[in-house]
Every structure is written in C-alpha cells, then in structure tokens.
Engineer: 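I'd like to ask some things about the structure below.
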Amino acid sequence: MSALPAHQIHTLREKNFDLVIMNSVIQSFHGYNYLKQVIRKSIDLLSDRGYLFIGDIMDLEKKKEL
C-alpha cells in the first residue's frame, strides 16, 4: 500500500491497473491543470482495457453553498 500526492501517482511500482478511482478528492485539487496532469498519469497506469472512474464531483457554482 502507498500513500502519496495525486501528482506522484506515476511513481507507483505497479502498472497495468484494471481500475483507478478518483472519488471525492477532485474538489481539493488546486486547479484544472493539476487535475489534467493527474488524469494523464492515471491513464498511463491503466491496462489496455482499464477504466478511470471519477466520482463525486462538486458543482463549482454550488461550492460555497456546500
């Protein structure tokens, strides 16, 4: 098991994941470019038939209300 910042996901020894899940963390990222960087690195870790699941995404227009 590893604990590391999202932008360092490419440093994992394991590769060819069937599934990468980003859930309830995206609203804590510090910008769109950071998110794009993490998504690209996550996709690079997937197997040919792997999936990237991005869930629980906050509506930025409602962020202050929450």
Engineer: Should Ile26 and Val38 be marked as a side chain to side chain contact (heavy atoms under 4.5 Å, CB included) after you check the CA-CA gap, both sets of side-chain angles, and the distance that decides it?
Structural biologist: CA-CA 10 Å; Ile26 293 174; Val38 172; over 6 Å; no

Engineer: Ignoring hydrogens and angles, tell me if any N or O in the side chain of Lys41 forms a donor-acceptor pair with the backbone of His7 under 3.5 Å.
Structural biologist: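 Looks like yes, one N/O pair under 3.5 Å.
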
Engineer: Are Leu4 and Ile21 connected in a single hydrophobic cluster, I mean Ile/Leu/Val/Met/Phe/Trp/Tyr linked by side-chain heavy atoms less than 4.5 Å apart?
Structural biologist: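 Each belongs to a different hydrophobic cluster.
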
Engineer: Specify the closest pair of heavy atoms between Glu14 and Leu45, including all atoms of both residues, with the distance to one decimal.
Structural biologist: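 Reported closest heavy-atom pair: O-CD2, 4.0 Å.
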
Engineer: Any chain of hydrophobic side-chain contacts (each under 4.5 Å) joining Leu12 to Leu19?
Structural biologist: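 Not linked; separate clusters.
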
Engineer: Could you list the donor-acceptor pairs under 3.5 angstrom formed between side-chain atoms of residues 47-57 and any protein atom two or more places apart in sequence or on another chain?
Structural biologist:
| from | atom 1 | to | atom 2 | distance (Å) |
| --- | --- | --- | --- | --- |
| Ser47 | OG | Phe17 | O | 3.4 |
| Ser47 | OG | Gly50 | N | 3.2 |
| Asp56 | OD2 | Ser24 | OG | 2.5 |

Engineer: Go through the steps for Arg40 and Ile43 under the test side chain to side chain contact (heavy atoms under 4.5 Å, CB included), then give the verdict.
Structural biologist: CA-CA 5 Å; Arg40 283 188 191 116; Ile43 290 170; 5.9 Å; no

Engineer: Can you tell me how far the CD atom of Gln37 sits from the CD1 atom of Ile9, to the nearest 0.5 Å?
Structural biologist: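 These two atoms lie 11.0 Å from each other.
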
Engineer: Got a second to check how far Ile39's CD1 is from Met22's CE, nearest 0.5 Å?
Structural biologist: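 Going from the CD1 atom of Ile39 to the CE atom of Met22 covers 4.5 Å.
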
